[in-house]
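In this text, all values refer to a predicted model and were calculated from it rather than measured experimentally. One-based numbering, in listed order, for ligands and for the atoms of each.
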Amino acid sequence: MSITVRAAAKINLHLGVGRAREDGFHPLDTVYQAIGIHDDLTLTEADVLTIETLVADHIDSAAVPGGADNIVLRAARLLAEHAGRPATGAFGVRKDIPVAGGMAGGSADAAAALVACDRLWDLHTPDEVLLALAAELGSDIPFSLVGGTARGVGRGELVTPVADHGAWWWVAAPSTEGLSTPAVYRHFDTMRPEAPEVPPPADALLAALATGEPLRLARALHNDLQEPAIDLRPELGDLITLGESEGALRGMVSGSGPTVVFLCESAEGARATALGLAGSGHDAVLTATGPVAGAHVVSQGVSQGVS
Ligand code: C5P
């Protein structure tokens, strides 16, 4: 018996960051969107817990964290402990989401692992319990379960879906080398010692989202981690300028970076921007629409991949 779960990359349309809390985390007011770049995770019945990872061409396999610390295995162990059963199964993960790219690739895999284990182990865990376990594993993981477009507060783990009737076109330009999320937050602390306790609200972004107009959304995009990310990696600023000169409405660092995402007017606009970036040497660019669903089962069968 095996089950395959698909989980999407996320971008932050608005990422308002406040001054660090006593526990070291930063209060956030963010709007997440799940976009159509996916990792697929297959869990097959087995006596022990194992993981094998297959990566897309644009991903450096050495960058994928291995060993017992892998977030997929931690998710499986956490759910097993909660359910009072052994953590067993053979995970196969096919990665398309850039690693350490600010697109919640690890979080997507963890969310997919929670869904796959819950189903394969026949647990029927209530949604609110899965969301709480997800929050324990990482700030972005509850959103990876929920998907669509949603507001996140707290440290990003308290998620409420928001209305989004748009079909937005994005181009994502990953970097060959990842950027550490804690390092970017630490740099934010250095650059913004006067950051407010309450993070900047997402009101303007939410209003723009409701119009369904790409140009309005482009103007409202906001990321407080962009400045520290560009200060650590100045070439990201050049990449944003390049994509905007190739027709994107607006380029922005995704989350803590280093992936840069470009909002485009249409499918055609996204294709033109992707081609323009590829012509300048950024040939690993990905084109995607959003919003898309959160972690969900795509096939289930007696052997891997059989629906
Ligand atoms: O929660 P998660 O494990 O994804 O967070 C990774 C790191 O990012 C944290 O250890 C922390 O350094 C930083 N972080 C933060 N404030 C947040 C979310 C993450 O400082 N709201």
Side-chain angles (χ1 to χ4, degrees), residues 7-34 39 63-79 95 97-114 130-147 150-160 178-202 205 222-229 231-233 253-259 294-295:
K10 67 90 185 146
I11 57 179
N12 299 81
L13 308 180
H14 173 94
L15 181 51
V17 181
R19 197 181 316 150
R21 312 188 308 203
E22 290 204 337
D23 63 2
F25 283 92
H26 293 72
L28 302 185
D29 195 338
T30 189
V31 177
Y32 297 105
Q33 184 170 91
D39 285 357
V64 180
D69 236 21
N70 185 293
I71 189 88
V72 167
L73 301 183
R74 286 203 280 129
R77 285 197 300 265
L78 185 67
L79 181 59
K95 291 194 73 63
I97 305 175
V99 174
M103 300 189 90
S107 299
D109 299 347
L114 289 173
L130 270 194
L131 286 167
L133 295 174
E136 240 181 85
L137 289 162
S139 308
D140 289 342
I141 302 177
F143 173 70
S144 294
L145 283 174
V146 170
R151 182 169 176 224
V153 296
R155 59 182 169 87
E157 88 284 22
L158 304 172
V159 175
T160 318
L179 200 50
S180 146
T181 300
V184 176
Y185 273 107
R186 275 197 303 274
H187 205 53
F188 171 87
D189 294 338
T190 311
M191 291 181 79
R192 299 276 309 275
E194 80 306 342
E197 248 168 68
V198 177
L205 187 283
H222 174 88
N223 180 2
D224 279 334
L225 293 183
Q226 174 158 308
E227 215 181 303
D231 203 55
L232 291 170
R233 285 278 176 86
V253 169
S254 175
S256 59
T259 304

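Under a 4.0 angstrom heavy-atom cut-off, Gly106 registers as lying outside contact with ligand 1.
Judged purely by atom type and a 3.5 angstrom limit, Thr259 has no side-chain atom pairing as donor or acceptor with the backbone of Ser254. A donor-acceptor pair is defined here as one N or O able to donate and one able to accept, closer than 3.5 Å; such a pair exists between the side chain of Asp224 and the backbone of Val17. A distance-only check finds a donor-acceptor pair linking the side chain of Asp39 to the backbone of Ile97 [under 3.5 Å]. Formation of a donor-acceptor pair under 3.5 Å by the His14 side chain with backbone atoms of Pro201 is found in this model.
Residue, atom and distance of the protein heavy atom nearest to atom 3 (O) of ligand 1 are Gly138 CA, 4.1 Å. Distance from atom 9 (C) of ligand 1 to its nearest protein heavy atom, with residue and atom name: Phe25 CE2, 3.8 Å. Nearest protein heavy-atom contact of atom 21 (N) of ligand 1 is His26 O, 2.8 Å. The nearest heavy-atom contact from the protein to atom 4 (O) of ligand 1 is Ser139 N, 3.6 Å. With respect to atom 6 (C) of ligand 1, the closest heavy atom belonging to the protein is Thr181 CG2, 4.5 Å.
Interface atoms of ligand 1 facing Gly24, defined by a heavy-atom separation under 4.0 Å, are 20 (O). Heavy-atom proximity to Arg155, at under 4.0 Å, picks out these atoms of ligand 1: 1 (O), 17 (C), 18 (C), 21 (N).
Within the 4.0 Å heavy-atom criterion, the part of Tyr185 lying near ligand 1 is the side chain and not the backbone.
The side-chain contact (heavy atoms from CB on, under 4.5 Å) test with Leu15 is passed by exactly one of Leu205, Asn223, Val253: Asn223.
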